[in-house]
Structures are given as C-alpha cells and as structure tokens.
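Just so it is clear, the model here is predicted, and its values are computed rather than measured. Protein chains get the first letters and strands the later ones, always in sequence-line order, with residue 1 at the start of each.
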Protein chains: 2
Amino acid sequence: MLNDLHIQEQEVIDEHKECVRYRKGDVIFHEGGIPKGIYCIRKGGVKISKMTSQGKEQILFLSQPGDFIGYRALIGEEVYNATATSIEDSSICYIPKSDFLEIMHRNPAFFNKMIKKVCNQLGIMEQNLTIIAQKSVKERLATTLLMLKESYGMDGDESTLIDIRLSREEIANVVGTATETVIRLLSTFKNEGLIDFDGKRIKVINEEQLKKLAVA
Amino acid sequence: MLNDLHIQEQEVIDEHKECVRYRKGDVIFHEGGIPKGIYCIRKGGVKISKMTSQGKEQILFLSQPGDFIGYRALIGEEVYNATATSIEDSSICYIPKSDFLEIMHRNPAFFNKMIKKVCNQLGIMEQNLTIIAQKSVKERLATTLLMLKESYGMDGDESTLIDIRLSREEIANVVGTATETVIRLLSTFKNEGLIDFDGKRIKVINEEQLKKLAVA
DNA sequence: CGAGCCATTGAGTTGATTCAAATCCCGTGG
DNA sequence: CCACGGGATTTGAATCAACTCAATGGCTCG
C-alpha cells in the first residue's frame, strides 16, 4: 500500500521509520497496549491473536511481508485488542502515529484505500465468524488449509506446498479447536489422500476434494 | 452520525433520501446484492445475518434506530456478504450511494468518523469470533444476554427488561447453537435466578452472576 | 547428547446436537 | 368473538463430535 504514496510522502516515512528485527516468538505489540504507530512487515511472518481468560489463544489472522498491522486500534482510537507475535525471524518497520495519520489525512487516495481495506477485513471477519459458529471442526480445518494454501502456497509439481511453519497448536488456534483434534484430522486427511505432510511441511494434494469438504 | 453534518449536507440528504416502511420479516438487502446506497434505521430493528450452505443462519449483529447499515459493502466495493431483515415493523431511510460518498469525501470529519466506526466494528467482530471459537455455549449465551441488556435494556425496578422480541431460534442464531440448547439453558438460568422470562420478554435479574458466567 | 518441547495415539467423558413428540400461543378468518 | 391452524416453544431420549487427560515417542536446539 505504501507504494502508492507520493515520493515526498515516502521520504517522510523513510526518514522517521524504524526497522526492527524480531526473533520467532517476540511480541511486536500486546493486547491492552496503547498504539503509538503502525507496523509494516518487511520480512518474515506475524500472528495476530487474542487470549481468553482461560489462557486459550485464538489466532485472528496471519500477516505476511507487505502487510500493515496495528492500524485498526490506532485508527479506531482504542487499545490493542490483540497481540502480535513474530512466528519466524522477521524484519518489521515502525511508522509513528503522527506520520501515518498526517499522510492519511493529506492523501485522500490513501485514506480511501485504508477505509476500503478495513471494510474488506471486516467482511473477512464476518465470514470467519460464521464459519466458526456454524461448521464442524473438520470443515473448518479444510477451510483453514485452503486459506493457508491461498496465502502461502508455492506452486510445485502436482501438489502445492504450504510455505509456512505453524505448530499443530497454532493451526488449532486458527481453527478454534484442540491440538489433538487437529492432529487426528490431519492424519485422516493424509490417509484420504487430500494432503500430505512431513512434520510442519504440509502439501495440498487434492484441492478439489478439500473444497468439497470445506463447503459441506 | 448524520447529526454532525453541515446543514447544507443534511439538506442534500433530506432531498434525495427515501424512507420506506418494512414489515417484520421483510428483507432490506440481500447477500450477494450490489450496494447502491446505504440505509439508516429510523424506527424498528434489523438483523444482519449470513446463511451457510446448509441453510443455517448466523446473526452477525442487531441494528437499532440511528444505525447505518449496508455501508461496509458499499465502501469496501463488494457485494453484500450478509442479508438485512426487519425483525419488527420498521421505518428505514435510503441514501443513494452518490450522495453518501460525496458527503464522505467532502467532509473530512465525517470521513474520519466512518473509518473509526468501521475499525470499532472490526474490533467487536474479532472479539465475537474469539468468544464463539473458545467459549462454551453456556458462556456465550450469558454473553449474548448481557449484550442484549446493554443495547436494549430498559431500566426497571430491580430487574431489567430486555426490550427486543427475538425468537428462541434467533437467539440461537446469534449465539451460534441449536434452538433447543438455547431453550434448555434459558430455563437453567431462570431456575438459578439469573434471569426471568415470560415468552419473549426476558429480564436480567442477577447481572453480576451472569457476568461471572460470561467471563468464566 | 541431553532436556524439553512438539507430535502422536489411546481411552474415557461430556457438552451439544439431532430427532421426535407434545403443548403452547398467536393471528386469522368465519 | 371464538375456533382453528400452524408456527414456536418445550421436554425427552439417544447419539456423536470433540474435548480432556494421560502416556509415549520424536525432533530440535542449545
């Protein structure tokens, strides 16, 4: 998104931005914290998640290089309602609130893009909520695998490798289920020839069948 | 929100807006439809819901007089991803897309309010998703009752009447569960003295206890 | 090369669903 | 105004998907 800014605006950002390296597991911002800027992922990956009072984690989404994170709370003038954690070694730029807001207000096209992005994100969340509320864990896992393939799929031969290393627990926390259930279902999918995996490297073998399961 | 507009802008809206009466059950806009304007509820109530392929309904939220609906898809330049249905006799104003967008772009304060509103809504959805994914039906029903009390509560004597007439099925479709489960849990809550009800008129008796259940 | 986390498998339990049947309630038409 | 019909609500019973607890084996990283 930043590519569409005027040269002059890019210079402002470049001047003030601060790029930091995060190791796997490092927290970028924390639920309850006050937003003072936004983050743009340059390299690596980040999970945005919420903790319940029982200590269970729900992963809301996964961010990739090029994505903004932390803008919702900043623009909405709230505290962060989720935590951002690096899921691999990452390089992330920090843009101070003042710079970001100033550019947003001076550049109507950018403002437009932002509101559109938030609206799209809201649509996605509404869809996800419906899926979680109404579908079985099996269907949700199939849906999640397809989503991961869409976002992280590397085109290979006949099969498609999902190029992100999530633990079984993290997959469970996206789907909204128990770790053991994910493990059992992944095995089932493997036996049925829908996917293949060795450890954290998961490949989609039969996308069509997986889609049928997801819609079910 | 419209109250903050300049007189001049209000006049534009008043001139072009179109207020329509909807009976209970009437559809205002339909999932998959193309947004051509936004709606502002003047009187009554509306549910925004999605249908799954199995024909199950998920209610995403309930709107009251003063609320805008349909702006997410319009601003996000998507088709409606949910259906809006009148849950009682309602009076709803329609503001054409062109008027709405023009005002949004000419009035930065209003634009700001809109993006902030969408961000807040996104935060609410993220919270709801987490609750549905991680909490038991009992906890979710308690949460829903508190939300309804917050939005529709009428201050009464010791107890608080929830002034909205939802069917058991509709409550189930907010919570994301089966109708029978809602009925059983409502009875349990009644026996435990947390709530009281006669048909669709539900009163919150012991809010503290209900909150404890909701957080659980 | 050991420690500790991660993945896997088994077994038992349970929360929630589905199906079925009975009763209630509300709006409508006679 | 009242009887009727059909949807809404309630209750019961059986089933099952998913969770929890527990134990084992495997991998990774210092």
Side-chain angles (χ1 to χ4, degrees), chain A residues 23-26 47 52 54-59 85 87-89 131-145 162 164-191 195-202 213-214 216, chain B residues 23-26 47 52 54-59 85 87-89 131-144 164-191 195-202 213-214 216:
Chain A
R23 294 183 180 283
K24 181 176 175 176
D26 286 351
K47 66 176 174 186
T52 65
Q54 302 110 82
K56 289 205 252 179
E57 178 187 50
Q58 178 64 37
I59 297 182
T85 311
I87 54 174
E88 53 185 300
D89 289 355
I131 289 171
I132 289 195
Q134 303 284 357
K135 298 199 172 192
S136 71
V137 172
K138 189 170 191 175
E139 292 160 348
R140 274 144 57 193
L141 179 59
T143 306
T144 297
L145 288 171
I162 295 174
I164 181 178
R165 290 172 60 81
L166 296 174
S167 69
R168 299 293 189 258
E169 187 180 6
E170 283 171 330
I171 296 175
N173 293 344
V174 174
V175 174
T177 188
T179 308
E180 296 94 325
T181 304
V182 165
I183 289 167
R184 280 181 244 270
L185 286 173
L186 283 179
S187 295
T188 308
F189 287 174
K190 190 176 181 178
N191 286 335
I195 62 171
D196 192 17
F197 61 83
D198 178 33
K200 294 192 174 61
R201 295 172 56 86
I202 300 176
L213 247 183
Chain B
R23 295 185 177 283
K24 181 176 175 177
D26 286 351
K47 65 177 174 187
T52 66
Q54 302 111 81
K56 289 206 249 180
E57 178 187 49
Q58 179 63 38
I59 297 182
T85 311
I87 54 174
E88 54 185 299
D89 290 355
I131 289 171
I132 289 197
Q134 303 284 358
K135 297 199 170 193
S136 70
V137 173
K138 190 172 192 174
E139 291 161 350
R140 274 144 57 192
L141 179 58
T143 306
T144 297
I164 181 177
R165 291 172 59 80
L166 295 174
S167 69
R168 299 293 189 258
E169 187 179 7
E170 283 170 329
I171 296 175
N173 293 344
V174 174
V175 174
T177 187
T179 308
E180 295 94 324
T181 305
V182 165
I183 288 166
R184 280 182 244 270
L185 286 173
L186 282 178
S187 296
T188 309
F189 287 173
K190 189 177 181 178
N191 286 335
I195 62 170
D196 192 17
F197 61 83
D198 178 33
K200 296 193 173 61
R201 295 171 56 86
I202 301 176
L213 247 182

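Side-chain atoms of B:Asn173 and B:Glu169, non-hydrogen and from C-beta on, do get closer than 4.5 Å to each other.
Exactly one of B:Val174, B:Leu166, B:Thr85 qualifies for a side-chain contact (heavy atoms from CB on, under 4.5 Å) with B:Lys47. That residue is B:Thr85. The side chain to side chain donor-acceptor pair (under 3.5 Å) with B:Gln134 is formed by just one residue from the set A:Gln58, A:Glu57, A:Gln54; it is A:Gln58. Applying the side-chain contact (heavy atoms from CB on, under 4.5 Å) test between B:Val175 and each of B:Glu170, B:Arg140, B:Glu139 identifies B:Arg140 as the sole match.
Although no hydrogens or angles enter the test, the distance criterion places no donor-acceptor pair under 3.5 Å between the side chain of B:Lys138 and the main chain of B:Leu185.
When each of C:dA16, D:dA8, D:dC19 is scored by its nearest atom to the side-chain atoms of B:Val137, the top-ranked nucleotide is C:dA16. Proximity note for A:Ala178 (side chain, C-beta onward) versus C:dC19, C:dT9, D:dC19: the nearest is D:dC19. Comparing atom distances between the B:Thr177 side chain and each of C:dT17, C:dA7, C:dG10 picks out C:dT17 as nearest.
Side-chain nitrogen and oxygen atoms of A:Ser187 include at least one within less than 4.0 Å of the OP1 or OP2 phosphate oxygen of C:dT9. For the pair B:Lys200 and D:dT9, the criterion of a side-chain N or O lying under 4.0 Å from OP1 or OP2 is met.
Side-chain to base pairing of A:Glu180 with D:dC21: one donor and one acceptor N or O lie within less than 3.5 Å of each other. Side-chain atoms of B:Arg184 stay outside donor-acceptor range of the base of C:dG15, with no qualifying N/O pair under 3.5 Å.
Following rounding to the nearest Å, A:Ile132 (CD1) and C:dA16 (C1') show an atom-to-atom distance of 17 Å. One interatomic measurement links the two molecules: NZ of A:Lys138 to P of D:dC16, which rounds to 15 Å at whole-angstrom precision. Put simply, CZ on A:Arg168 is 19 Å from P on C:dC5, counting in whole angstrom units. The interatomic distance linking A:Lys135 (NZ) with D:dA17 (C1') rounds to 17 Å, in whole Å. For the pair B:Ile183 CD1 and C:dT23 C1', the computed distance is 12 Å after rounding to whole Å. With rounding to whole Å, A:Leu166 atom CG is found 14 Å from C:dC6 atom C1'. If you measure from atom CG of A:Leu213 to atom P of D:dA17, you get 14 Å, rounded to the nearest angstrom. One can place CG of A:Leu185 at 15 Å from P of C:dA7, the figure rounded to the nearest angstrom.
Looking at heavy-atom distances under 4.0 Å, A:Ser136 makes contact with sugar-phosphate atoms alone, never a base. When heavy atoms are screened at a 4.0 angstrom cut-off, B:Thr181 is found touching base atoms of the nucleic acid.
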